[in-house]
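Below is one structure; the comments refer to it alone.
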Amino acid sequence: MDVDRNVLLDLHRRMVRIRVFEEEAGKLMEAARVPGALHLYVGEEAVAAGVMANLTDDDQITSTHRGHGHLVAKGGDFKRMYAELFGRATGYNKGKGGSMHVCDMEIGMLGANGIVGAGPPIAIGAAFSDRYRGTSNVAVTFFGDGASNEGGVHEAANIAALWKLPGLFVCEYNGYGEFTPPARHQAIRDVADRAAGYGMPGVVVDGMDVIAVYEATREAVARARRGDGPTLLECKTYRFYDHVGIRGMGVSYRTDDEVLQWRKRDPVALLEAHLADAQILSSDDARAVHDEVRAEALAAVAFAESSPFPEPHELLEDVYDTSLPAPDEAPR
Amino acid sequence: MTTAEATTSRKLTYVAAIADGLRCALREDPLVFVAGEDIAGYGGVFGHTRGLLAEFGPTRVLDTPISEAGIIGLGVGAAATGCRPVIDIMFMDFMGECGDEILNQMAKMRYMFGGKARLPMTVTTMAGAGMNLAAQHSQSLEAWFCHIPGLKVVMPATPYDAKGLLLAAVRDDNPVVVVFNKRSLGMQGDVPEAAYAVELGRANIVRAGTNFTVVATGRMVHEALAAAMALAQDGLDLEVVDPRTLQPLDIETIVASVRKTHRALVVHEAVRFGGFGAEVAAQIQELAFDHLDAPVGRVGAPFAPVPFSPALEKLYVPNADRIAAEVRRVVGLQV
Ligand SMILES: Cc1ncc(C[n+]2csc(CCOP(=O)(O)OP(=O)(O)O)c2C)c(N)n1
Ligand SMILES: [Mg+2]
């Protein structure tokens, strides 16, 4: 394997950050300390980490309703993320968006999204703009197996391939769209089969193997940066918790055994076993990373929970951009 | 049509009343089918289709892919060729995904085809804010649909109306959009066991009063009733009118009330600007100007997307206090 040890350690840290962030977020939701609903990314960490390790802060991503992991992996700040989940003024979106809209425009995270399948069309706009503005950036869109059946996803993929836009379509195939398995929502086994119909390469990788995701992304991103167009990268993964929250709504739609089988391939544990074998990171040192990140998370939660709520005047602000003078006051 | 009064009735929640309405529709007409995202195996994320798959099987109760445009189109094609589909769009906010299928296809096919097509289809959906679900899962977009000739639009406020309006919608030979409110799901009320329809286009005087008319839709009916209680001590005797069907609108009942009370306020959860309330206020002023002692007031959401933070959302969603304050303002009392 030709992946540098520093890259491996970076992948590990990104995954642990997601895992710890989400475990704590899940507890907050179950304890009703945060309002609303959270869609947790636990189990799918290898996808966000493996993709994001190939991107710079100038590259953009669009995310999904299950977006915390994408932002964490892109370099999101725990404090502002938790504050957003708590609906506080110190949050990324000043408390106006919450879990499903958390964003960080400074590092190219164009938002989680409450509308399934809404990300890909926006991502091709970012990719278009990247090329139009003469940058070498790429734009990556994440979407689920369920989202792959939205019309907008196909329209975006077709345009991206047609115009050879510097983009990457990452399908997070986690075995369910809410409570419906792909066998009951599409007639194909691999979403990547559709790539041929769009006219772009389609690649299927083990989404529990962060190194596989990393390497496949590296190739796809290089291709996009070269101007050879987008790739559809399908990552087979699994969400360990329920569609919403940890235990979800208590209706059964999958077996405990299925969850257990997938948990045996926990992406964080898989990488840690590999790092220990290769004598890159001992299990004690891995533990220390978890502890360090957990301490950061707990401090961030405390910061978030003690932050002020937005002031009433915020309600009507940010509807329009008023940072520029009104047209009649503008210099001629 | 069975009269509701003649049959046994029991307490049901709003959400169970929806399921009951769908069950009646599926039982009485083999051409009815129900399709939507996670409505079969899971029984709907709101629980409003629970039990239907077990009773009617997967040919009549269908889980669909996440493809809103596709499934509304499916309804249009199936309705135009003899079925009577009920298509569920989980959250009203997702209507954007199937905009064309609704406004250019479902609504207009009959007219464009010179009356040659029949579109007996129903679209059910959940609207409403106040649950910290943020800007894309909280909207009330009924005004969009009221503006499209060819569509009918209903907004049930109670379990009784949830079942009755739903059945009327399914039996109607035109496309009807049924807008439920997700914060009302747990509300209890009397619901007859029989299949009954609440006539479309017929308003309901929910509370009779003498000197002020409040026209309220959906969940706001209950906020208006709470405001009426609070205002009674000020000598204000509110008449609360629930149009139930927004399109076609029973303006006669509303105007008759205003002729009696001489003052009116229109209340909805949707954004005030360009809302359904503007239409009602305009019609009242056209039809009962000489009877009015004050301009018609309106209460609705402010001109902003629905905020996530509870601190902001509580300022956003109209409630009994805001309705009462606006009533006082309209009658010229100090607020
Ligand atoms: C347009 C739209 N339709 C439906 C929904 C409701 N919804 C939220 S998440 C979800 C399932 C998405 O499945 P998938 O794309 O596989 O993502 P996953 O939740 O598995 O990560 C659905 C149907 C939505 N938010 N937006
Ligand atoms: Mg999925």
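Reminder, nothing fancy here: chain letters follow the sequence lines and each chain counts from 1.
If you measure heavy-atom distances from A/N93 to chain B, you find no contacts under 4.5 Å at all. At a 4.5 Å heavy-atom cutoff, the contact between A/E311 and chain B is made by backbone atoms alone. Residue contact with chain B, scored on non-hydrogen atoms closer than 4.5 Å, is absent for A/A89. Looking at B/F91, there are no atoms closer than 4.5 Å to chain A (heavy atoms on both sides), in backbone or side chain. Residue contact with chain B, scored on non-hydrogen atoms closer than 4.5 Å, is absent for A/L38.
In terms of heavy atoms, A/G177 sits closest to B/D38 at O-OD2, 3.6 Å. When every heavy atom of B/A135 is checked against every heavy atom of A/H101, the shortest pair comes out as N-NE2, 4.2 Å.
The CG atom of B/L312 lies 10.0 Å from the CD atom of A/E317; values are rounded to the nearest 0.5 Å. In this structure, A/R88 CZ and B/S309 OG are separated by 7.5 Å, a value rounded to the nearest 0.5 Å. For the atom pair A/H154 NE2 and B/S67 OG, the distance stands at 7.0 Å (nearest 0.5 Å). Distance CG/A/L316 to CG/B/L315: 9.5 Å, rounded to 0.5 Å.
Ranked by non-hydrogen atom pairs under 4.5 Å with chain B, the options A/P182, A/P35, A/S148 are led by A/P35. The candidate with the highest count of non-hydrogen atom pairs below 4.5 Å against chain B, out of A/A37, A/G97, A/G151, A/G91, is A/G97. Options A/G117, A/G114, A/G36 differ in how many heavy-atom pairs under 4.5 Å they form with chain B, and the most are formed by A/G114.
Just one residue in the list A/V116, A/V153, A/T180, A/D145 forms a side chain to side chain contact (heavy atoms under 4.5 Å, CB included) with B/I66, and that residue is A/V116.
Under the 4.5 Å side-chain criterion, counting only non-hydrogen atoms from C-beta, A/E178 is in contact with B/M90. Residues B/V45 and A/F179 form a side-chain contact, since some pair of their non-hydrogen atoms from C-beta on lies under 4.5 Å apart. In this structure, the side chains of A/M100 and B/Q136 stay at 4.5 Å or more apart for every pair of heavy atoms. By the 4.5 Å heavy-atom criterion applied to side chains, A/S99 and B/F308 are not counted as neighbours.
Taking 4.5 Å as the heavy-atom cut-off, the residues of residues 92-108 of chain B that approach chain A are B/D93, B/F94, B/E97, ordered by number.
At most 12 heavy atoms of other shown residues, nucleotides or ligands fall within 6.0 angstrom of atom CH2 in B/W144. The 12-atom threshold is not exceeded at NZ of A/K79, counting heavy atoms of other residues, nucleotides or ligands nearer than 6.0 Å.
The aromatic rings of B/F303 and A/Y320 sit parallel to each other, their planes meeting at less than 30°, with 60° as the upper class boundary.
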